[in-house]
Amino acid sequence: MKETLVKVTINGKEVAKEIESRWLLSDFLRDNLGLTGTHVGCEHGVCGACTVLINGEPVRSCLMLAVQADGCQVETVESLARADGSFNHIQQAFANNHALQCGFCTPGFLMSLKSFMENNPTLPTDEEIREAISGNLCRCTGYSNIIKAVKEAYALNC
Amino acid sequence: MKPPKFSYLRPNDLAEALDLLAEYGEDAKIMSGGQSLIPLLNMRLSTPRYIIDIGRVKELHGIKEEEDAIVIGGMTRHVDVEKSELIKEKCPLLTEGIRWVGHTQIRSRGTIGGSIAHADPSAELPCILTALRGEIVVASKEDEFTLTPEEFFLSYLLTSLEPDQLIKGIRFPKLNKNSGYAFEEVARRHGDFALVEVAAVINLDKDGKVAEAQIALGGANAVPFVPLETEEFLIGKEPNETILKEAATLQLEDLDPEGDIHGSKEYRRYLTGVLLQRALHTAVKRAREGVVV
Amino acid sequence: MAQYVGQNVKRKEDYRLLTGNGRFVGDIRLDNMAEAAILRSSYGHALIKSIDTSKAKDCEGVIDVITAADLEGKVQPFTEFVEFTLPPNLEKDIKPIIKKNPEPMLAKDRVTFVGQAIAIVIAENRYAAEDAIGLIKIEFEPLPVVTDPYESVKAESTVIHQDLQNNIQSHFEVSVGDVEKAFNQADHVIRARIKTPRVSGNPLETRGVVAEYEERTQQLQVWSSTQVPYMVRSYLSKLVGLVENNIRVVAPDVGGGFGPKCAVYPEEIVIPYLSTKYKRPIKWIEDRLEHMQSTRHSRDQVHDVEVAVKNDGTILGLKDHFLLDNGAHNSFALCCAYNSAAHLRGMYRIPNYDITGQIVLTNKTPNVPYRGAGRPEAVFVMDRLIYMIAEKLNMDPVDVSFKNFITPEEMPYDTDLFYRDGANMVLENGDYPGSLKQAMKIVGYEQFREQQKEAREKGKYLGIGFSSYIEGTGIGPHEGAVVRLDSSGHILAFVGSSPHGQSHETTLAQICADEFGVSPDQVTVKAGDTSLLPYGVGTFASRGAVTAGSAVHVASKKLKEKLLAIAGEMLEVAASDLELQNGKVYPKAMPTRFVTLQEIALAAKPGPRCKVPEGMEPGASATHYFVPPTVTFSSGFHTAVVEVDKDTGFVEILRYIVVHDCGRVLNPMIVDGQIQGGVAQGIGGALYEEIIYDENGQLVTGTYMDYLLPTAMEVPVVEMGHQEFLSPRNPMGIKGVGEGGAIGPPAAIANAVCDALKPMKIEINTLPVSPNKLRSLIEEAELQEMH
Ligand SMILES: Cc1cc2nc3c(=O)[nH]c(=O)nc-3n(C[C@H](O)[C@H](O)[C@H](O)COP(=O)(O)OP(=O)(O)OC[C@H]3O[C@@H](n4cnc5c(N)ncnc54)[C@H](O)[C@@H]3O)c2cc1C
Ligand code: FES
Ligand code: FES
């Protein structure tokens with residue numbers, strides 16, 4: 001199988017690898033780079049567990065070939081904690097508000113929210129928060145603690 | 001759920017893309033945002049020998065203003081349209097409607113060309129383009145020409161595009177400052193493909209009567225449907241609720257939606273009437289206020 | 001000294017999960033690991049005439065292709081799951097017919113449902129494995145397909161498993177009082193057919209197995225995304241013929257379970273077997289398409305029910321005959337069906353009761369108990385009936401409830417039947433009328449009725465609906481805990497349960513911490529690993545806190561006693577005069593003289609410095625297996641306030657209120673989270689989710705585009721009210737809470753929708769209440785009004 005060279009910046013680090021061009025970005029991150037924090041729940045674009053940031057924007061890594069990420073900045077959940085290992089404001093708010101149970105969906109929510117909060121610096125309405133996370137499925141929490149956490153994350157970020 | 005083997009081709013400009021299409025088109029799939037194609041690959045419902053990734057074809061990116069029209073390149077992403085100030089000013093119907101496409105994470109990859117080419121009868125863009133009386137710009141190695149939605153959309157997921165052609169972009173007239181417009185949609189859940197949707201533009205004359213009506217119905221037929229008789233019916237009339245109600249159900253019998261588990265044929269047909277009335281109501285209201293929000 | 005129990009202690013699980021450092025089965029990568037993909041049946045019912053794997057075996061990167069023939073003599077087929085069989089006294093009492101109906105590992109000459117595993121490809125990676133799947137050639141001979149349970153029970157129906165003679169796999173009857181007499185005395189008899197369709201639990205993490213065999217030591221290490229690692233181990237040992245002690249099954253971080261991961265699947269046996277055969281680690285991760293087809297479904301009951309009432313709303317008796325469409329196999333005996341029968345009367349005093357249940361086979365994916373396990377179906381029947389009685393008698397549904405509640409004065413209340421564990425089903429305590437009153441207060445019932453009238457004048461359709469449930473939680477047979485002090489003075493608690501989101505690492509640490517007077521940070525809880533304890537059961541049926549919680553509580557107490565005894569020797573003070581606080585033991589009379597937990601731990605070691613009193617074993621460890629006398633009964637009231645868009649048929653939930661009793665609350669934040677999450681799943685079943693097959697047995701809802709899980713846009717914040725009636729059936733008074741949230745929503749929401757459209761006569765007797773279905777009901781009702 002012909003391999004294609006992919007050069008990407010992942011969580012601030014440059015990576016260059018030869019890879020089969022059919023490999024999904026999600027598998028590239030998880031299998032080739034060991035970044036297993038990005039989860040796959042459906043591989044057809046609905047659940048959002050695989051959400052990562054490409055050049056700052058949230059995308060489904062299961063709906064992107066690794067080769068399409070060539071030249072891009074990729075951010076995954078592993079990049080969120082501060083240098084000393086402590087939580088960032090969104091992670092902290094999730095922990096404070098019991099916004100995760102099994103935690104499988106959580107990385108996807110965190111990545112979607114990182115981008116959302118950067119694009120919407122002032123506290124949004126509940127309805128806007130709901131819409132912002134509507135592309136991420138959670139089967140455990142019933143969402144209300146996630147919404148609470150988002151509001152607290154805004155407060156923590158001040 | 002992993003994509004099958006294929007050869008990956010990544011042209012850097014339009015000429016190269018069209019050359020590749022001319023050579024491999026029969027066995028190739030164009031990939032733009034991949035938001036419809038990759039699920040099909042993952043499920044192995046599509047097994048092309050070649051993937052031609054047009055992501056780097058610069059000529060296909062961007063939104064341009066012409067004298068009385070807007071042109072959007074095929075590779076322009078949904079999110080770029082959603083955030084475009086130009087679109088918001090010159091065609092707010094599109095700004096309003098495009099938010100209904102999937103979720104943010106889909107719109108940050110999905111493209112205008114891909115949405116048009118995919119030709120899902122419930123997709124927002126084909127419906128909006130049809131209501132706007134826009135056209136599709138098609139390019140091949142040989143030539144470049146435009147098609148109307150009626151010419152382009154043939155049936156459910158089927159278009160008149162030939163294997164060596166690609167969608168260069170779409171072009172549509174700007175909305176008049178005083179146009180009233182509306183986009184109405186219902187889906188089972190937020191972000192799902194529409195059960196049905198309606199895009200409508202209404203212009204009133206100085207007496208408040210309907211001067212122009214442009215309507216398109218999505219999810220109500222195999223291709224976006226223009227209810228011509230309904231439009232004609234409205235012209236010259238004072239658009240009060242009774243008239244709008246009558247207009248909304250005038251052509252339901254002409255619709256032939258595909259029924260599925262989310263909505264039967266009858267239900268979709270009926271629902272189209274409900275949404276059309278709501279859309280007309282909003283469009284007329286906005287036309288009266290003369291505001292472009 | 002409850003310092004931590006009852007507090008909102010933050011979760012110990014969260015750090016790893018929030019930083020991407022969780023370890024789910026799919027995250028495991030081992031040297032030389034191969035990956036598997038599975039070819040599944042595309043037919044609902046067919047004979048397999050031939051399988052040709054030669055092309056697939058030649059495919060690049062393929063190690064081997066395995067079919068049923070390769071397993072013969074190596075891996076035994078499943079027998080029934082003995083864990084779910086009935087206790088002898090219950091068996092004797094109801095004399096059920098239960099035909100054995102085990103599932104093959106791989107289909108051999110016949111497939112009975114779409115998604116059934118036929119062949120396994122082992123390859124260098126999943127991409128290559130899937131390439132080979134496409135090259136396996138199978139010749140099928142299609143057989144007639146049965147998908148409708150009513151067709152399936154007919155004498156002329158195709159029989160799915162010849163050896164069972166017909167498709168009725170189980171049959172049982174339960175009877176209390178004199179139903180015929182009750183019906184003779186009734187002023188009214190109301191009849192209905194009420195259906196809860198097939199749904200899928202759909203944890204966000206699919207199933208998956210990784211197995212590694214170390215030939216040197218003959219150790220087989222298995223990681224599986226399961227709720228029951230001990231059960232996986234025991235069947236692996238039995239069916240593959242391995243020494244049980246050589247198998248270690250670990251459920252690492254598990255991305256949700258809800259029931260579907262609460263039994264052993266063929267892949268959990270065959271993949272480990274193959275790793276012993278090929279001497280390579282093998283990984284199989286189910287993809288979502290496989291999950292929709294092959295991970296077991298649930299619910300799917302149709303009840304034909306009759307209720308006898310007096311003019312004042314008193315219920316005299318109830319008769320029910322129901323079918324449970326279990327798909328192509330049933331390995332769970334009467335589990336969900338009997339639960340439905342036992343719980344159907346719920347909070348109501350119905351002295352005369354007859355119920356017949358039949359488990360019927362069809363060409364669909366087999367069923368499994370899913371969150372609620374037979375109770376949501378029962379509640380949908382009972383609370384729809386309450387609404388219908390109210391309609392018939394022109395009463396307010398809440399008055400019908402008040403008329404028929406079992407009252408606090410009647411507690412403990414003997415329901416006159418056996419529970420599934422064989423004990424008399426006695427509701428130990430609770431205040432059911434009180435919970436409805438509390439719910440009405442929270443919602444502002446009187447004001448709502450006013451608001452409803454005003455809204456109606458503006459053309460808005462608001463409605464309110466109630467549902468109630470009781471639930472036997474914390475079923476046995478047992479759960480164990482080992483609590484230990486290590487040499488560094490740190491406390492460990494090992495349990496046999498196996499969490500997947502329930503926060504055991506936190507709540508069990510709270511229990512332990514309180515006993516030892518330390519912070520939960522000084523306690524590490526480990527679970528989901530068969531190497532921790534010899535016996536374990538698992539996490540399902542709202543049993544984690546009740547059983548594992550009680551085990552940890554008692555084991556901690558035992559260990560504390562021992563530690564005090566050792567400290568007594570060290571300090572030369574009687575143990576009864578000592579106190580343990582903040583990790584130190586000191587004489588009550590002289591707190592400045594103390595020994596630390598670490599010092600005690602060292603003194604517990606055998607040898608010359610040992611201070612363990614004579615007669616005690618050295619070591620700082622205690623074990624307790626908690627064996628509950630029977631289940632504890634949680635209960636609750638659900639209230640839904642909805643707005644119906646009459647023109648489109650869409651339903652919006654405006655408010656949702658749950659008042660519930662789960663006994664002692666270990667951690668309110670976590671309890672509320674369980675309720676909110678359960679309600680979200682219940683809302684899914686009420687409005688969005690349904691597994692649909694076409695008449696050929698093809699699964700129509702095979703993707704997340706068709707099977708609609710609720711998003712944040714569809715689930716409101718649940719408002720909660722709490723009651724706390726401690727159960728006398730375990731030392732801390734805990735009752736289970738895991739499932740309650742999922743039980744009530746269908747009935748509450750359906751009742752609310754009917755209420756919104758009154759006086760129009762809408763009968764919602766099936767789910768989900770989709771806009772299409774509701775519009776059809778509205779149109780029918782409008783037509784009837786015109787006639
Ligand atoms: C969860 C989910 C929800 C969604 N919800 C919606 C929704 O509500 N509404 C909606 O409209 N869509 C929805 N979509 C689909 C999404 O909008 C797709 O992005 C869009 O349909 C295709 O655009 P794309 O750029 O991703 O195209 P691709 O997936 O790359 O291509 C789609 C098809 O178009 C062809 N193609 C692409 N570009 C061109 C071109 N320039 N010229 C010729 N052929 C071309 C490809 O060969 C392929 O056949 C959803 C998708 C997902 C995964
Ligand atoms: S795994 Fe990518 S959206 Fe579900
Ligand atoms: S926490 Fe389990 S899926 Fe969200």
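We use all heavy atoms of the structure for the numbers below, so side chains are in, but hydrogens, waters and symmetry mates are not.
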Is any side-chain N of the basic residue among C/D706 and B/R189 closer than 4.0 Å to the acidic one's carboxylate O?
no

Answer key: most heavy-atom pairs under 4.5 Å with chain C among B/R44, B/R268, B/M43 is B/R44

In this structure, CG of C/D647 is separated from CG of B/L275 (nearest 0.5 Å) by 10.0 Å

Shortest non-hydrogen pair, C/R126 vs B/K2, comes out as CG-CE, 3.6 Å

For this session: Might you confirm whether atom NZ of C/K55 has over 12 heavy atoms from other residues, nucleotides or ligands at distances under 6.0 Å?
Result: no

Counting heavy-atom pairs under 4.5 angstrom with chain C, the leader among B/P4, B/S264, B/G273 is B/S264

query: Under 3.5 Å, side chain of B/Y267 to main-chain N/O of C/T648, donor-acceptor pair present?
result: yes

Under 4.5 Å to a heavy atom of chain C? For B/P39 that would be neither

What one should report as the nearest heavy-atom pair of C/F650 and B/A187 is CE2-O, 3.2 Å

The interface call for C/D645 against chain B, heavy-atom contacts under 4.5 Å, is side chain

One should read off an interatomic distance between C/R775 CZ and B/E266 CD, to the nearest 0.5 angstrom, of 13.0 Å

message: Testing the 3.5 Å rule here: is there a donor-acceptor pair between the side chains of B/R188 and C/Y688?
response: no

Applying a strict 4.5 Å limit to non-hydrogen atoms, the region of C/L289 in contact with chain B is both

Greatest number of non-hydrogen atom pairs under 4.5 angstrom with chain B, of C/L709, C/V700, C/T711, falls to C/L709

One should read off an interatomic distance between B/T47 OG1 and C/D131 CG, to the nearest 0.5 angstrom, of 11.0 Å

- Check whether more than 12 heavy atoms from other residues, nucleotides or ligands sit under 6.0 Å from atom NZ of C/K773, and answer yes or no. yes

> Run the side-chain contact (heavy atoms from CB on, under 4.5 Å) check on B/I261 and C/E690 step by step: do they pass?
Replying inline: CA-CA 10 Å; B/I261 52 169; C/E690 182 178 11; over 6 Å; no

Honestly, the part of C/E130 sitting under 4.5 Å from a heavy atom of chain B is both

Applying a strict 4.5 Å limit to non-hydrogen atoms, the region of C/S776 in contact with chain B is neither

Intermediate values then yes/no, side-chain contact (heavy atoms from CB on, under 4.5 Å), B/K5 and C/E60: CA-CA 12 Å; B/K5 289 182 187 170; C/E60 189 187 336; 3.3 Å; yes

| task | State whether the side chain of C/E290 and the backbone N or O of B/M1 hold a donor-acceptor pair below 3.5 Å, judged by distance alone. | result | no

d(B/N42 CG, C/T703 OG1) to nearest 0.5 Å is 12.5 Å

